[in-house]
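By convention here, the first residue in the shown sequence is residue 1. All heavy atoms count here, side chains included; hydrogens, waters and symmetry mates do not.
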Amino acid sequence: IDFIVQILEPKKGESICDPACGTAGFLISSYKYIVEQNTQKSKGDLLTPDDRKKLMQNFVGYDISPDMVRLSLVNLYLHGFTTPRIYEYDSLTSEERWNEYFDVILANPPFMTPKGGVKPHKKFTIQAKKSEVLFTDYIAEHINPSTGRAAIIVPNGIIGTSQTAYIQLRKLLINQGLYAVISLPAGCFNPYSGVQTSILFLDKKLSKFTDEVLFIKVETDGFDLGSQRKQIDK
């Protein structure tokens with residue numbers, strides 16, 4: 001999470017969203033990063049009272065699970081947010097918030113597709129039933145059209161599957177500012193999931209200057225890839 005936030009470099013005046021926020025890890029990491037970037041002598045001393053007020057309003061999270069929403073609210077309260085903007089909302093089947101755009105979107109969306117597939121509304125560019133395809137489409141379509149940035153953790157199927165929806169999605173991503181793909185080692189998310197994942201980075205401004213996509217392969221993250229994830233010296 002912190003690694004992704006450092007690459008995206010969220011700024012104090014930007015709106016930041018996680019449409020599958022879980023316990024609000026991405027939002028809190030982004031908040032801490034902004035405070036750190038605005039620190040000279042004491043924590044966040046370069047932020048004016050007005051800056052701080054706006055900052056608290058700039059973070060938005062959605063989650064389909066009422067339990068996750070409660071956890072996110074508590075987590076943000078504990079980090080000084082008086083009225084956290086966390087909403088119980090299904091990003092894939094509800095339409096009420098479709099017209100909300102953000103400067104920065106970060107997410108590790110669920111890869112689980114319910115039995116029978118998701119039944120999304122018709123506003124998605126790509127008609128699909130798989131949650132990872134829909135979430136990726138959602139994020140690509142909801143970053144600010146001129147300066148928006150996003151990072152999404154996805155299962156590797158997004159990059160390699162030859163089904164029509166996946167091909168359409170890759171085309172969409174390239175048009176929406178994809179500039180880097182970082183491949184992570186297979187056991188990174190153990191013990192929760194052994195699925196091999198990648199991080200997709202989008203940047204509307206940066207992608208105007210290049211037609212190339214940077215591919216990076218991370219071979220180890222300092223922990224073994226078994227279920228215990230014990231620290232190693234690599």
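Here the closest heavy-atom approach between residue Ile64 and residue Pro66 is recorded as O-CD, 3.6 Å. Across every non-hydrogen atom of Cys21 and Ser72, the tightest pair is SG-OG, 3.6 Å. The two atoms that bring Met56 and Gly80 nearest to each other are CE-O, 3.4 Å, heavy atoms only. Between Ile139 and Ala107 the shortest heavy-atom distance is CD1-CB, 3.7 Å. The nearest pair of heavy atoms linking Glu212 to Thr210 is N-OG1, 3.0 Å.
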Tell me, with the steps shown, if Glu100 and Arg97 meet salt bridge (charged side-chain N to carboxylate O under 4.0 Å, His left out). CA-CA 6 Å; Glu100 294 179 8; Arg97 298 187 174 276; 2.7 Å; yes
After noting the C-alpha distance and the side-chain angles of Leu92 and Ser131, does the key distance pass the side chain to side chain contact (heavy atoms under 4.5 Å, CB included) rule? CA-CA 8 Å; Leu92 305 184; Ser131 61; 4.0 Å; yes
Please test Cys17 against Val104 for side chain to side chain contact (heavy atoms under 4.5 Å, CB included), starting from the C-alpha separation and ending with a verdict. CA-CA 6 Å; Cys17 176; Val104 176; over 6 Å; no
Begin from the C-alpha positions of Val35 and Lys43 and carry the test side chain to side chain contact (heavy atoms under 4.5 Å, CB included) through to its verdict. CA-CA 7 Å; Val35 170; Lys43 199 174 169 186; 3.7 Å; yes
Where do Gln57 and Arg85 land on the side chain to side chain contact (heavy atoms under 4.5 Å, CB included) test, with the steps shown first? CA-CA 7 Å; Gln57 286 302 303; Arg85 295 175 64 199; 3.6 Å; yes
Could you walk me through whether Gln37 and Lys11 satisfy the side-chain hydrogen bond (donor to acceptor under 3.5 Å, both in side chains) test, starting with their C-alpha distance in whole Å, then the side-chain angles of each, then the deciding distance to 0.1 Å, before giving a yes or no? CA-CA 8 Å; Gln37 293 302 305; Lys11 310 276 188 296; over 6 Å; no
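A search for salt bridge (Lys or Arg N to Asp or Glu O under 4.0 Å) contacts involving Lys54 returns Asp50, not counting sequence neighbours.
We find the CD-CG distance between Gln168 and Leu173 to be 12.0 Å, quoted to the nearest 0.5 Å. Taking CG from Asp224 and CZ from Arg229, the interatomic distance works out to 7.0 Å, rounded to the nearest 0.5 Å. In this structure, Ile28 CD1 and His79 NE2 are separated by 4.5 Å, a value rounded to the nearest 0.5 Å. With rounding to the nearest 0.5 angstrom, the OG atom of Ser29 is 8.0 Å from the CG atom of Leu106. With rounding to the nearest 0.5 angstrom, the CG atom of Asp103 is 5.0 Å from the OG1 atom of Thr147. Between Lys32 atom NZ and Asp2 atom CG the span is 7.5 Å, to the nearest 0.5 Å.
Inter-residue side-chain proximity for Leu202 and Ile152 is flagged as met; some heavy-atom pair is nearer than 4.5 Å. Looking only at side-chain heavy atoms (C-beta outward), Asp63 and Ile86 stay at 4.5 Å or farther from each other. Contact annotation: the side chain of Ile4 approaches that of Phe26 to within less than 4.5 Å [non-hydrogen atoms, C-beta and beyond]. Here the side chains of Gln6 and Tyr33 are in contact, with some heavy-atom distance below 4.5 Å. Side-chain contact between Val218 and Ser183 is absent, with no heavy atoms from C-beta onward closer than 4.5 Å. A 4.5 Å side-chain heavy-atom check between Glu14 and Arg149 finds at least one atom pair inside the cut-off. In this structure, Asn108 and Phe189 have side chains that are in contact, with non-hydrogen atoms separated by less than 4.5 Å. For the pair Ser30 and Phe59, the minimum side-chain heavy-atom distance is below 4.5 Å.
Within 6.0 Å of NZ in Lys208 there are more than 12 heavy atoms belonging to other residues, nucleotides or ligands. Counting non-hydrogen atoms of other residues, nucleotides and ligands closer than 6.0 Å to NZ of Lys204 gives a total above 12. Within 6.0 Å of NZ on Lys123 lie more than 12 heavy atoms contributed by other residues, nucleotides or ligands.
Ile199 and Ile105 end up in different hydrophobic clusters when Ile, Leu, Val, Met, Phe, Trp and Tyr side chains are linked at under 4.5 Å. Ile153 and Leu172 are members of different hydrophobic clusters when ILVMFWY side chains are connected at heavy-atom separations under 4.5 Å. Cluster membership check: Phe102 does not share its hydrophobic cluster with Phe201, using side-chain heavy-atom separations under 4.5 Å among Ile, Leu, Val, Met, Phe, Trp and Tyr. Put simply, Leu200 and Tyr166 are part of the same group of oily side chains (I, L, V, M, F, W, Y) that touch within less than 4.5 Å, one to the next. Hydrophobic clustering (ILVMFWY, side-chain heavy atoms < 4.5 Å, transitive): Val74 and Leu76 are in distinct clusters.
Only one option out of Phe124, Trp98, Phe135, Tyr62 pairs with His142 in a ring-ring contact (aromatic ring centres under 6.0 Å, His included); it is Trp98. For the side-chain contact (heavy atoms from CB on, under 4.5 Å) with Val181, the qualifying choice from Val154, Ile158, Ile159, Ile216 is Ile159, the only one to do so.
Judged by distance alone, with hydrogens and angles left aside, the side-chain atoms of Thr93 form no donor-acceptor pair with the main-chain N or O of Pro120 at under 3.5 Å. For the pair Asp18 (side chain) and Gly61 (backbone), a donor-acceptor distance under 3.5 Å is absent. Between the side chain of Ser94 and the main chain of Glu96, no donor-acceptor pair closer than 3.5 Å is present. Checked by atom type and distance alone, the side chain of Thr39 pairs as donor or acceptor with a backbone atom of Gly44 at under 3.5 Å. Judged by distance alone, the side chain of Ser42 and the main-chain N or O of Asp45 form no donor-acceptor pair under 3.5 Å. For the pair Asp137 (side chain) and Leu134 (backbone), a donor-acceptor distance under 3.5 Å is absent.
Between Lys130 and Gln163, the side chains place no donor N or O within less than 3.5 Å of an acceptor N or O (distance only, hydrogens not considered). There is no side-chain donor-acceptor pair under 3.5 Å between Asn58 and Ser15. At a cut-off of 3.5 Å, with distance as the only test, no side-chain donor of Asn190 or Ser227 sits close to an acceptor on the other residue. Side-chain contact annotation: Asn75 with Thr23, donor-acceptor N/O pair under 3.5 Å absent.
Lys12 and Asp51 are joined by a salt bridge, as a carboxylate oxygen and a charged side-chain nitrogen come within less than 4.0 angstrom of each other.
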